[in-house]
Colleague: 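Would you mind keeping the following structure in view while I ask a few things?
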Amino acid sequence: MLREERLDYILKKLQTDHKVLQAELSSDLQVSEDTVRRDLESLAQNGQLIKVRGGAIPHSPNPYSFKERIVYHEDDKKHIATKALSYLHNGQTIILDGGTSTLMLAKLFPANLHIRVITNSVPIVAQLIEHPVIEVIFTGGLIGKDSQTAGGMDTIRMLEKMRADICFLGICSLHPDAGVTGLDLGEADVKSAMVESANKTIALATSDKMGTAEPFKVCNITGLDTIITDKPDLPSLKPYINLGIQVI
């Protein structure tokens, strides 16, 4: 089989199975695992997949720009945010990262909810500044125009001074082995600081993010306490449950 045919087979299998294993590909394609490894490396360098131990998994389908993401799976995000409301009560301090799922959650806060919100998100600040009782702390830092979030060391230092009851984390990619990952190194560093600053971390993740990965690590999968998703009964969620993570 020609190299181009092998690469095409790998990509089609990845699309169907949402993962590929080197040993299985070696058997299917009748080539050595070294050849498969080189094929996967080539596809990874072209941005067509993410290599993991023993194989590869897909990239997240999530658009990068905040403006594009805000209408992406909007109904699913509202469903997730509605479930997340049950974790909130008066007197809490929470962290909301700069995702569109966390913005949806902020939009649903009831008028009598009396909490403190720490965020690096410009849209979330704009949303909550009109709330009658919620106290808002903006982390500050250099604002990215695409992400509409603050980032950099100033943001991280601010977060290191905070202690929150819950961090609600918007998810780009989630995988049992790769953990929580993202497309941007700076954003991943900020999210990591948010996780470290909270007693509990709740991931808000649409089901299309499951089993995908990106280049930059936020935290291990065991850094999450709960995953709130739109389709909690999917078989693909079983590995997370087996690791002791609550999935709702």
Colleague: Which pairs count as side chain to side chain donor-acceptor pair (under 3.5 Å) when at least one residue sits in residues 28-37, sequence neighbours excluded?
Modeller: Tyr9-Asp28, Ser32-Thr35, Asp34-Arg37, Thr35-Arg38
Colleague: Distance-only, no hydrogens or angles: does the Asn90 side chain make a donor-acceptor pair with backbone N or O of His114 under 3.5 Å?
Modeller: yes
Colleague: Kindly compute the distance separating CD1 (Ile10) from CD (Glu5), expressed to the nearest 0.5 Å.
Modeller: 12.0 Å
Colleague: In chain order, what residues pass the side chain to side chain donor-acceptor pair (under 3.5 Å) check against Ser173, with sequence neighbours excluded?
Modeller: Thr212
Colleague: Kindly write out the residues that satisfy side chain to side chain donor-acceptor pair (under 3.5 Å) with Asp165, not counting sequence neighbours, or none if the list is empty.
Modeller: none
Colleague: Might you point out which heavy atoms bring Gly91 and Ile115 nearest each other, and give the distance in Å?
Modeller: N-CG2, 4.3 Å
Colleague: In residues 129-139, what donor-acceptor pairs under 3.5 Å come from side-chain atoms, sequence neighbours left out?
Modeller:
from	atom 1	to	atom 2	distance (Å)
His131	ND1	Val133	N	3.2
His131	ND1	Ile134	N	3.2
His131	NE2	Pro110	O	2.7
Glu135	OE1	Arg116	NE	3.4
Glu135	OE2	Arg116	NE	3.1

Colleague: Donor-acceptor pairs are to be reported for all side-chain atoms of residues 47-54 against protein atoms at under 3.5 Å, with residues two or more places apart or in another chain.
Modeller:
from	atom 1	to	atom 2	distance (Å)
Lys51	NZ	Glu41	OE1	3.4

Colleague: Is the CD atom of Gln92 crowded by more than 12 outside heavy atoms at less than 6.0 Å?
Modeller: yes
Colleague: Apply the test side-chain contact (heavy atoms from CB on, under 4.5 Å) to residues Met162 and Met194: give CA-CA distance (whole Å), side-chain angles for both, the deciding distance (0.1 Å), then the verdict.
Modeller: CA-CA 9 Å; Met162 303 293 178; Met194 289 177 168; over 6 Å; no
Colleague: For Lys13, which residues count as a salt bridge (Lys or Arg N to Asp or Glu O under 4.0 Å) partner, sequence neighbours excluded?
Modeller: Asp17
Colleague: Treat each ILVMFWY residue as a node, draw an edge where side-chain heavy atoms are under 4.5 Å apart, and state whether Phe168 and Val125 are in one component.
Modeller: yes
Colleague: Could you walk me through whether Asn199 and Arg163 satisfy the side-chain contact (heavy atoms from CB on, under 4.5 Å) test, starting with their C-alpha distance in whole Å, then the side-chain angles of each, then the deciding distance to 0.1 Å, before giving a yes or no?
Modeller: CA-CA 8 Å; Asn199 294 330; Arg163 198 67 206 163; 3.2 Å; yes
Colleague: Given Thr201, which partner from the list Val180, Leu169, Ile166, Val218 fulfils the side chain to side chain contact (heavy atoms under 4.5 Å, CB included) test?
Modeller: Leu169
Colleague: When hydrophobic residues are tied together by side-chain contacts of less than 4.5 Å, even through go-betweens, does Leu234 share a cluster with Ile245?
Modeller: yes
Colleague: Establish whether Ile143 and Met158 are linked, either directly or via other cluster members, by ILVMFWY side-chain heavy-atom contacts under 4.5 Å.
Modeller: no
Colleague: Any idea which heavy atoms bring Ile57 and Ala213 closest together, and the distance?
Modeller: CD1-CB, 3.3 Å
Colleague: Just how far is it from atom CG of Leu43 to atom CG of Leu7, taken to the nearest 0.5 Å?
Modeller: 4.5 Å
Colleague: Using links of under 4.5 Å between side-chain heavy atoms of ILVMFWY residues, direct or through other members, which residues join Phe216 in one cluster?
Modeller: Leu185
Colleague: Show your reasoning for whether side-chain contact (heavy atoms from CB on, under 4.5 Å) applies to Thr102 and Ser121.
Modeller: CA-CA 9 Å; Thr102 50; Ser121 166; 6.0 Å; no
Colleague: Would one find more than 12 heavy atoms of other residues, nucleotides or ligands at under 6.0 Å from atom CZ of Arg3?
Modeller: no
Colleague: Taking all non-hydrogen atoms of both residues into account, name the closest pair between Lys217 and Gly179 and its distance.
Modeller: CE-CA, 4.4 Å
Colleague: Could you tell me which non-hydrogen atom of Thr100 sits nearest to which non-hydrogen atom of Lys77, and how far apart they are?
Modeller: OG1-NZ, 2.6 Å
Colleague: Sort and list the pairs that fulfil salt bridge (charged side-chain N to carboxylate O under 4.0 Å, His left out) and have at least one residue in residues 78-99, not counting sequence neighbours.
Modeller: Asp97-Lys191
Colleague: If you look at every heavy atom in Gly141 and Thr155, which pair is closest and at what distance?
Modeller: CA-OG1, 3.5 Å
Colleague: Please name all residues satisfying side chain to side chain donor-acceptor pair (under 3.5 Å) with Ser236, sequence neighbours left out, ordered by chain then number.
Modeller: none
Colleague: Which pair of heavy atoms, one from Ala193 and one from Leu159, lies closest together, and at what distance?
Modeller: CB-CD1, 4.0 Å
Colleague: With a 4.5 Å limit on heavy-atom distance, are the side chains of Ser101 and Ile171 in contact?
Modeller: no
Colleague: Could you walk me through whether Thr206 and Asp208 pass side-chain hydrogen bond (donor to acceptor under 3.5 Å, both in side chains), step by step?
Modeller: CA-CA 6 Å; Thr206 52; Asp208 61 321; 2.5 Å; yes
Colleague: To the nearest 0.5 Å, how far apart are CG in Leu29 and CD in Gln22?
Modeller: 12.0 Å
Colleague: Would you indicate whether the side-chain heavy atoms of Leu25 and Leu40 approach each other to under 4.5 Å?
Modeller: yes
Colleague: Given side chains that start at C-beta, do those of Thr229 and Met210 come closer than 4.5 Å, heavy atoms only?
Modeller: yes
Colleague: Is Met153 reachable from Val195 through a run of hydrophobic residues whose side-chain heavy atoms are each under 4.5 Å from the next?
Modeller: no
Colleague: Is it the case that one hydrophobic cluster holds both Leu105 and Val117, taking links as side-chain heavy atoms less than 4.5 Å apart, direct or via other members?
Modeller: yes
Colleague: With a 4.5 Å limit on heavy-atom distance, are the side chains of Ile227 and Leu174 in contact?
Modeller: yes
Colleague: Would you compute the distance between atom CD1 of Ile94 and atom CG of Leu88 and round it to the nearest 0.5 angstrom?
Modeller: 5.0 Å
Colleague: Please name all residues satisfying salt bridge (Lys or Arg N to Asp or Glu O under 4.0 Å) with Lys12, sequence neighbours left out, ordered by chain then number.
Modeller: Asp8
Colleague: Quick test of your reading: applying side chain to side chain donor-acceptor pair (under 3.5 Å), list the pairs with at least one residue in residues 238-248, sequence neighbours left out, ordered by first then second residue.
Modeller: Tyr87-Gln246, Thr226-Gln246
Colleague: Show your working on side-chain contact (heavy atoms from CB on, under 4.5 Å) between Asp154 and Leu142 and close with a plain yes or no.
Modeller: CA-CA 8 Å; Asp154 287 339; Leu142 180 64; over 6 Å; no
Colleague: Check Thr119, Ile124, Leu96 against Leu103 for a side chain to side chain contact (heavy atoms under 4.5 Å, CB included) and give me the one that passes.
Modeller: Ile124
Colleague: Any side-chain heavy-atom pair from Glu160 and Glu196 closer than 4.5 angstrom?
Modeller: no
Colleague: Between Ser207 and Asp230, does any side-chain donor sit less than 3.5 Å from a side-chain acceptor?
Modeller: yes
Colleague: Restricting to side chain to side chain donor-acceptor pair (under 3.5 Å), what partner residues turn up for Lys19, sequence neighbours left out?
Modeller: none
